Amino acid sequence: MLLSAQEWGVVALSAKVSGVAILGVLPIAFALAWALARGRFRGRLVLDAVVHLPLVLPPVVIGWMLLVAFAPAGPVGGWLWRTLGVTLLFRWTGAALAAAIMALPLMVRAIRLSLEAVDPRLEQAARTLGAGPWATFRQVTLPLCAPGMLAGAVLGFARSLGEFGATITFVSNIPGETQTLPLAIYAALQVPGGEATVWRLAVVAVVLSLLALVGSEWLARRQGGVGLQGGGGAHVL
Amino acid sequence: MLLSAQEWGVVALSAKVSGVAILGVLPIAFALAWALARGRFRGRLVLDAVVHLPLVLPPVVIGWMLLVAFAPAGPVGGWLWRTLGVTLLFRWTGAALAAAIMALPLMVRAIRLSLEAVDPRLEQAARTLGAGPWATFRQVTLPLCAPGMLAGAVLGFARSLGEFGATITFVSNIPGETQTLPLAIYAALQVPGGEATVWRLAVVAVVLSLLALVGSEWLARRQGGVGLQGGGGAHVL
Amino acid sequence: MSFDIDIVLARGGREFAVRVAGGPGITALVGPSGQGKTSTLDAVAGLLRPRSGRIAVDGAVLFDAAGGIDLPPQVRAAGYVFQDLRLFPHLSVRDNLLFGWRHAPAERRTLTLEEVTGFLDITPLLGRRPHTLSGGEAQRVAIGRALLSAPRFLLMDEPLTALDPARREGVIALIARIRDAFALPVLLVSHQQQDVARLADAVVEI
Amino acid sequence: MSFDIDIVLARGGREFAVRVAGGPGITALVGPSGQGKTSTLDAVAGLLRPRSGRIAVDGAVLFDAAGGIDLPPQVRAAGYVFQDLRLFPHLSVRDNLLFGWRHAPAERRTLTLEEVTGFLDITPLLGRRPHTLSGGEAQRVAIGRALLSAPRFLLMDEPLTALDPARREGVIALIARIRDAFALPVLLVSHQQQDVARLADAVVEI
Amino acid sequence: AAQGLGKGPLVLAAASLQEAMNAAADRWSALGHARPVVSFAASSALARQIEAHAPADLFVSADEDWMDDVAHAGLLAPRTRARLVTNALVIVAPAGSALRLYPAPGFPLARALGGGKLAMGDPDAVPAGRYGKAALERLAVWSQVQGQVARAENVRAALALVAHGAAPLGIVYATDARAEPGVRVVGVFPAGSHAPITYPLARLASSTHPDAEGFRRFLLSGQGKAIFRRFGFVAH
Ligand SMILES: Nc1ncnc2c1ncn2[C@@H]1O[C@H](COP(=O)(O)OP(=O)(O)OP(=O)(O)O)[C@@H](O)[C@H]1O
Ligand SMILES: Nc1ncnc2c1ncn2[C@@H]1O[C@H](COP(=O)(O)OP(=O)(O)OP(=O)(O)O)[C@@H](O)[C@H]1O
Ligand SMILES: [Mg+2]
Ligand SMILES: [Mg+2]
């Protein structure tokens with residue numbers, strides 16, 4: 001299957017946007033999952049609902065909210081512009097932000113599921129062995145959550161690759177800057193007889209996600225199924 | 001916040017479509033999660049990729065594929081029509097199908113994550129206690145997966161509520177039949193000055209998903225944290 | 001002969017040849033740590049398929065590599081007290097205890113929940129979840145669950161380790177009673193020489 | 001006095017008043033199942049906050065409800081062998097053993113990995129994951145992990161239950177040696193009267 | 001503002017103009033200019049981006065309403081708004097159809113549908129749908145077919161519904177029907193049956209690209225309009 005140079009550019013941009021989005025949002029997703037799984041504060045349910053927002057609302061609405069917030073005159077956009085001289089509007093960074101936000105709920109849920117399965121007795125054991133809360137988190141909790149983080153990252157990456165509505169609404173459809181695969185597919189759909197291009201680009205998207213899947217399986221295997229499987233999530237005996 | 005009678009109809013339809021979609025797809029998602037978590041067949045990775053498709057491809061493309069497949073002249077649609085006299089086109093059932101397909105990957109991942117955390121030693125114990133494979137599945141594996149099923153159902157429900165692209169492409173936007181919340185929101189967004197309606201409907205969508213969240217938290221609590229937490233996913237001692 | 005075992009097991013890259021020819025009653029399986037005692041019990045229960053050989057209990061063949069026989073675990077009806085207990089975390093103590101009982105055919109049920117919980121002193125725990133039990137409490141629940149499953153024979157992997165002396169006496173008496181009353185063959189793994197001496201009708205070194 | 005404990009514990013809706021005034025050396029904590037032995041060890045390790053009272057080890061106050069003192073577990077430096085072992089499933093045996101060692105200040109490290117694995121006979125297991133260990137193997141790894149964590153005192157909750165007689169001897173000798181060589185106070189929970197008799201310098205009934 | 005993107009001026013254009021606008025951009029660059037960067041999306045999305053002060057140079061809307069909206073916000077460069085092209089509205093059927101319709105007051109659209117769906121852009125949202133509804137109202141057939149309308153997200157989606165046999169008839173722009181092999185035009189709405197379907201063009205107040213005005217004029221020139229005519233648009 002041959003792609004034109006311009007199409008390769010689209011693929012590279014998509015991979016960049018999705019990759020940056022997932023890597024950037026992973027720590028945030030983890031922090032949110034942590035708060036939802038372990039926190040016992042008031043407003044937990046509200047936070048949970050907010051995290052789900054990007055799923056519940058049509059992407060176009062999310063894109064529009066981003067546009068309003070990040071416009072030069074908007075609350076966040078204005079601040080970013082004044083303090084850092086940066087704008088996300090019509091930029092690939094904005095596309096990454098949109099992708100990250102759309103992927104966030106999926107990642108939070110997956111990580112939270114793993115986090116809730118971590119046996120607190122193992123964390124206690126780490127504490128008696130001289131590890132403070134932070135070391136316990138890094139050396140016990142985090143690795144035991146690896147399956148959820150990996151699942152979340154794969155899910156989020158796939159979701160980012162397919163993100164369309166929020167992206168086109170927020171950062172428009174600018175070739176070379178914000179035209180990711182779904183936007184290119186949309187463009188092809190607008191042209192009579194564009195179906196062949198649609199198929200070609202769709203296959204590329206699928207191949208990209210397949211690569212991510214293979215990578216994640218490889219990572220999972222390398223960790224030797226830290227998973228809870230076998231290890232029992234707990235302790236031997 | 002007051003809604004018009006017509007808007008209430010949209011809300012009821014959205015709830016129906018999402019509810020039916022999730023309940024209908026849950027067993028399928030479970031079966032797929034099972035195959036991916038436990039199966040060791042060739043083509044596992046391909047199946048995994050296929051399950052992720054609805055995430056990776058822009059929703060419009062999925063809707064378009066559904067249209068091609070379920071059109072009266074299409075392979076599935078033609079068969080359905082000839083044998084059962086049923087068509088999904090322009091029907092709320094078609095909207096539910098689109099929602100189910102879009103929710104599928106999220107549900108499969110969540111369930112799979114839980115399934116992989118089930119300690120096989122507990123299943124072995126059930127076998128020695130006289131439970132056959134099916135009884136073991138129903139009485140041990142399934143309840144131990146409850147957190148993942150619940151998380152998957154909530155995630156899927158939220159995703160269904162927000163589903164737009166595939167739905168409008170597949171079953172179009174027919175008030176009273178296929179016009180779910182996102183479609184109504186989209187319509188409002190297209191008209192200059194429609195922002196107030198957008199906000200009102202968005203709030204309704206959020207409230208609906210909040211109800212689902214509260215319900216899931218309540219269910220989770222009622223099960224007394226079957227979760228792996230504490231129970232260690234394994235065995236006491 | 002109650003237990004008639006002659007198998008080769010493979011676990012973790014090592015092979016263990018195990019031969020047990022127990023008389024009637026309680027057969028103790030002793031030997032150093034890591035020599036395949038638990039693996040043997042797993043094989044008898046149907047959880048670990050031997051490389052080769054034959055397993056029969058009370059004349060019934062459970063496994064025979066040559067004859068192509070390999071009964072599934074739920075048919076073998078072992079009352080297995082696991083070394084790692086394996087209580088079901090999602091079930092109350094009561095439902096743990098009744099798990100096997102509910103799967104057993106009514107005519108084979110010889111003990112009642114009340115008898116077993118009374119003997120094992122766990123009646124007050126019935127409503128609890130396993131993760132709230134102390135070590136000795138959990139061990140007694142695991143014993144009770146195996147006894148209530150209407151087993152054809154018992155596999156007990158160090159079932160007394162977490163029990164205080166008084167309760168240990170009680171459980172030992174209970175096991176002896178069950179062996180005598182129902183003629184149930186028992187394969188017992190234990191590192192405690194005095195327990196072995198008091199209970200075992202035959203001792204097999206592994 | 002090595003252990004100076006006078007606390008009220010609350011667990012599962014019940015209250016336990018515990019009083020331990022151990023002499024130097026090994027203090028055995030004995031008593032019926034479910035009476036709060038493990039809970040007491042948890043309190044000394046800093047994992048369970050007592051309702052009230054005071055805990056001091058070797059004169060250092062770890063907890064004092066009245067004085068508002070409650071040292072976090074990682075500062076108390078207990079070498080805790082858990083009744084349920086709690087090996088880290090994601091780490092190899094080697095990394096399990098070195099987990100506490102790596103967190104210990106260099107000057108407090110008195111034993112080496114080689115010494116401990118040699119004594120406990122677990123050197124061949126270093127590359128394995130915990131879920132592949134037999135019961136006795138896992139228990140020895142848990143003991144080794146506690147010993148290597150450069151503890152100020154040891155809390156051992158039935159540390160010998162899964163060990164065969166020969167290894168039991170070895171571990172008993174090792175514990176006695178450590179007590180003597182490093183003047184380490186040990187709080188030992190055991191249901192085995194002969195172990196208590198051989199090891200304990202003082203016995204506390206709970 | 002748009003120079004940051006590297007090349008020519010940034011043009012925000014309605015998605016239905018894609019082919020023609022790309023051809024125009026190619027021609028312009030063949031004339032020795034940096035090729036304009038064109039972002040195609042729904043007019044509503046583009047108008048909102050402009051209203052959020054996104055930095056762009058030209059805006060081509062698929063209807064006057066969104067251009068009005070932007071104009072009211074004071075975001076157009078003075079005296080740069082102009083009508084680029086117009087379009088016609090047609091009725092299409094699957095390619096195999098032998099039907100022939102003459103949209104006139106009371107024409108037998110309901111009978112031609114025979115219980116099937118009439119695919120068109122959402123009359124409440126999509127410009128093509130609004131024009132279609134207006135035309136059917138003017139011809140007094142809207143009330144008969146109203147219940148059979150399948151509202152699509154955009155014209156292309158309506159076209160796909162007809163091309164795949166999901167709907168026996170659809171109302172789309174002439175330009176869309178032209179190149180789709182799956183459909184046949186079976187009727188053309190008379191120009192008087194709906195408001196003119198116009199694509200207004202304007203330069204934005206925030207435009208800073210030196211080529212922006214040049215490209216705008218090129219589009220409106222005879223040479224530019226000829227390109228659009230090639231793709232079925234009407235331009236005088
Ligand atoms: N999953 C596994 N992978 C690798 N090795 C294993 C696995 N399970 C068990 N083993 C090894 O097999 C050997 C036999 O184990 P088994 O549990 O049968 O010993 P055991 O006689 O019951 O010992 P113990 O008295 O310590 O419980 C041990 O050396 C153990 O390390
Ligand atoms: N999480 C919990 N919820 C409720 N009850 C608990 C919980 N943990 C422990 N208990 C109860 O507290 C009591 C004391 O438990 P503990 O583990 O300290 O006993 P123990 O003396 O160590 O017993 P054993 O010798 O059986 O190990 C027990 O009756 C136990 O059932
Ligand atoms: Mg064993
Ligand atoms: Mg205890």
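All of these numbers come straight from a predicted model, not from anything done at the bench. Numbers restart at 1 for each chain; the letters A, B, ... are given by sequence-line order, proteins then strands.
Chain E forms the most heavy-atom pairs under 4.5 Å with one residue out of Thr178(A), Leu89(A), Val68(A), and that residue is Leu89(A).
For Gln18(E) against Ala188(A), the heavy-atom pair with the smallest separation is NE2-N, 4.3 Å. Phe40(E) and Tyr186(A) make their closest contact through O-CE2, 4.0 Å (heavy atoms, listed as atom of the first residue, atom of the second, distance). Nearest heavy atom pair, residue Ala56(E) against residue Phe90(A), reads CB-CE2, 4.2 Å. For the residue pair Ala52(E) and Ala71(A), the shortest heavy atom distance occurs at O-CB, 3.1 Å.
Heavy atoms of Val60(A) lying under 4.5 Å from chain E are absent altogether. Interface remark: Leu46(E) contributes side-chain atoms only to the contact with chain A (heavy atom separation under 4.5 Å).
Listed by first and then second residue, the side chain to side chain donor-acceptor pair (under 3.5 Å) pairs involving residues 150-175 of chain A are Arg159(A)-Glu163(A), Glu163(A)-Thr167(A), Ser172(A)-Ser39(E), Ser172(A)-Gln49(E), Asn173(A)-Gln179(A) (not counting sequence neighbours).
The only option from Val38(E), Val37(E), Asn22(E) that meets the side chain to side chain contact (heavy atoms under 4.5 Å, CB included) definition with Pro175(A) turns out to be Val37(E).
Heavy-atom contacts from other residues, nucleotides or ligands closer than 6.0 Å to CZ of Arg217(E) number 12 or fewer. For Arg81(E), the CZ atom counts as densely surrounded, since its 6.0 Å shell holds more than 12 non-hydrogen atoms of other residues, nucleotides or ligands.
Side-chain atoms of Val155(E) and Gln190(A), non-hydrogen and from C-beta on, never get closer than 4.5 Å to each other.
The CZ atom of Arg48(E) sits 15.0 Å away from atom CZ of Phe170(A), with the distance rounded to the nearest 0.5 Å. Atoms CG and CG, on Asn154(E) and Leu189(A) in that order, are 8.5 Å from each other to the nearest 0.5 Å.
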